[in-house]
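In each ligand, atom 1 is the first atom listed, and ligand 1 is the first ligand listed. When reading the values below, keep in mind they use all heavy atoms of this one structure, side chains included, and skip hydrogens, waters and symmetry mates.
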Amino acid sequence: MRRDIKVVPFYRMPFGTLLTVTDHRMQNMNPAVEGQAQALEQRFARLFGESPRIYQAPGRVNLIGEHTDYNDGFVMPAAIGFYTRVAVAPRPDRKLVIHSENYSEQVEFDLDGLPATRAGHWSDYVIGVVKMLVRSGKQLRGANLLVDGNVPLGAGLSSSASLEVAVGYALLDLADRAIEPPTLERIKIDRIKIDRIKIDRTGLALLCQQAENEFVGARCGIMDQFVSSHGKHGQALLLDCRSLEYRQLPLPPDVALAICNTMVKHSIAKGEYNQRRAECETGVRTLSKHLPQVRALRDVTVEDLETYGQELPDVVMRRCRHVIGENDRVLQAAAALERGDLQAVGSLMLESHRSLRDDFEVSCAELDLMVELAGRAEGVYGTRMTGGGFGGCTIALVQSGCVEAFERKVREGYERSTGCQPEIYICAAADGVGQVAATSAEKWVRSE
Ligand code: GLA
């Protein structure tokens, strides 16, 4: 089977689609979220002496499709209810003053003299996004930013992508509102100029990925930033990482996403991730000598690998086998989810874990243990490691009625074997980036 299957019907969001004011999702319906936003607003007022606008972007969990995004393949992530929030207000000068609640630190940059290289600091993610926005022609203005997040750090739940997307969205919105609304005439004659002051969610995700690839130095794919931008309550996304077309996949309301944190810290900025990516590229270079149509592992079939795989070093062969098999598993899992066959989704998740463990070699003893414990609990359809690997979290699809027993069993088993207390997060799929709560003056304008 060739990897050019068209997954239809997708929501097509071509790059350049305008994000209009009505596209903002006001996310202040939930009293808990509103309370947290208000606390951030008050903190901002104490720090900077004025009222901010507040935005939030979620972390994510990936149901299946690991290490496929940078191979132009398929993934199935969902945004989850952990967020990075950014409170923002404009400044009269060209400075960006960024205060992090998580790190209790404040840094300052001049928009006209941004650092040329990363500093190995949390602010790299913010500056990377700012630089990409500027490079793409966005006219940014000086601002005070207060950043606060509850996405577990280093757990493979995309705290960095949520920071990038929240900051990008916030700065764009700020820039946007400083400029007169475009006239119809200008829209017709000068589309480029309009694109300068508005951005679509896909464009935002791509900019944030570039920030991470080019400034932070992690060669990540598009999955995390995409789902942090496009996530939808109650839905996973089936994303084609080549065309960036996606389809929403409703998750059954009686199934919980149980995320189990091994507490082994993971960081994809470290070498292993980039090395896996390079091994996949080596596979493509060799295979494309025989198969000129092959641009990425997405284009290679199981049969192709059987025919030409012996030319590859064993490690590269196994990396390719994982990616090719995983792409098929994602498409099969999407079809199974759509027909309500959770058992089939669960079996595919287990196969995915084995392949990541044995062929792609990105699991670790703690992740394997967690998968084993979760797999033995009652009411579990399937479980696997999630995210880049080398630590971080597993995901399990668990019947809602069995969640409490699941938590107890997994926690006890993990503690007994490792002496370490895991964290378990019971999540539902959440909405992507948006404004949380407007300041009182704006509430009427922004709510629809
Ligand atoms: C990290 C990267 C993603 C993706 C996953 C592995 O989360 O940021 O782009 O490659 O690892 O699937």
Side-chain angles (χ1 to χ4, degrees), residues 57-80 82 84 124-125 128-129 151-165 202 205-231 236-242 244 246 259 261 264-281 296-298 319 322-327 329-330 333 349 352-353 355-357 359-364 367 384-395:
R60 66 98 189 91
V61 69
N62 189 16
L63 271 60
I64 192 162
E66 223 63 84
H67 291 273
T68 45
D69 59 353
Y70 55 80
N71 289 297
D72 277 5
F74 300 97
V75 292
M76 199 197 287
I80 50 174
F82 287 109
T84 298
D124 288 349
Y125 293 93
V129 171
V151 186
L153 297 178
L157 300 177
S158 295
S159 53
S160 353
S162 74
L163 171 60
E164 292 154 8
V165 171
T202 299
L206 285 164
L207 276 170
C208 293
Q209 182 200 11
Q210 273 164 26
E212 195 146 339
N213 289 176
E214 296 178 32
F215 192 72
V216 179
R219 297 185 65 211
C220 66
I222 187 67
M223 169 168 72
D224 307 347
Q225 293 81 2
F226 195 95
V227 70
S228 187
S229 302
H230 280 287
L237 300 186
L238 169 60
L239 170 65
D240 176 336
C241 299
R242 171 170 279 169
L244 298 185
Y246 70 99
I259 300 171
N261 190 346
V264 176
K265 289 275 180 219
H266 128 125
S267 162
I268 70 158
K270 303 227 173 86
E272 292 275 18
Y273 182 93
N274 290 353
Q275 189 191 327
R276 292 299 180 282
R277 191 166 173 161
E279 286 161 352
C280 293
E281 287 163 0
L297 287 181
R298 147 74 170 271
R319 305 298 190 244
H322 164 73
V323 173
I324 296 164
E326 187 79 350
N327 275 328
R329 283 188 284 274
V330 178
M349 288 172 78
S352 165
H353 184 78
S355 174
L356 287 158
R357 182 190 65 197
D359 276 351
F360 218 67
E361 295 179 288
V362 288
S363 188
C364 62
L367 284 167
R384 56 185 283 281
M385 56 155 277
T386 186
F390 308 106
C393 294
T394 61
I395 173 164

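Every atom of ligand 1 is numbered from 1 in the order shown, and the set under 4.0 Å from a heavy atom of Cys220 is 2 (C), 8 (O), 9 (O). Remark: ligand 1 atoms within the under-4.0 Å shell around heavy atoms of Gly221 are 9 (O). Those atoms of ligand 1 with a heavy atom of Tyr70 less than 4.0 angstrom away are 10 (O). For ligand 1, the atoms sitting less than 4.0 Å from at least one non-hydrogen atom of Met223 are 4 (C), 5 (C), 12 (O), numbered in the order shown with element in parentheses.
Arg329 places no side-chain N or O within 3.5 Å of a backbone atom of Ile64 that could act as its donor or acceptor partner.
A heavy-atom separation below 4.0 Å is not found between Met385 and ligand 1.
Taking the six-membered ring where the residue is Trp, His230 and Tyr246 present tilted rings, their angle falling between 30° and 60°. By the 30° and 60° cut-offs, the orientation of the rings of His67 relative to His322 is perpendicular. Ring geometry for Tyr273 against Tyr70 counts as perpendicular: the plane angle is over 60°, on a 0 to 90° scale with 30° as the lower cut.
Side-chain N/O atoms of Arg60 and Ser158 include a donor and acceptor closer than 3.5 Å. For the residue pair Glu66 / Ser352, no side-chain donor-acceptor distance below 3.5 Å is found, with atom types taken as modelled.
In terms of N/O distances under 3.5 Å, ligand 1 is not approached by Ile222. Residue Tyr273 has at least one nitrogen or oxygen atom sitting less than 3.5 Å from a nitrogen or oxygen atom of ligand 1, judged on distance alone. Taking any N or O of Thr68, backbone or side chain, none lies under 3.5 Å from an N or O belonging to ligand 1. Below 3.5 Å of separation, one finds no N or O of Ser158 facing any N or O of ligand 1. The shortest N/O to N/O separation between Asp69 and ligand 1 falls below 3.5 Å.
Within the 4.0 Å heavy-atom criterion, the part of Arg60 lying near ligand 1 is the side chain and not the backbone.
We find that Arg276 and Glu272 are joined by a salt bridge, their nearest charged nitrogen and carboxylate oxygen being less than 4.0 Å apart. One finds no salt bridge joining Glu281 and Arg319 here, because no Lys/Arg side-chain nitrogen approaches an Asp/Glu carboxylate oxygen to under 4.0 Å.
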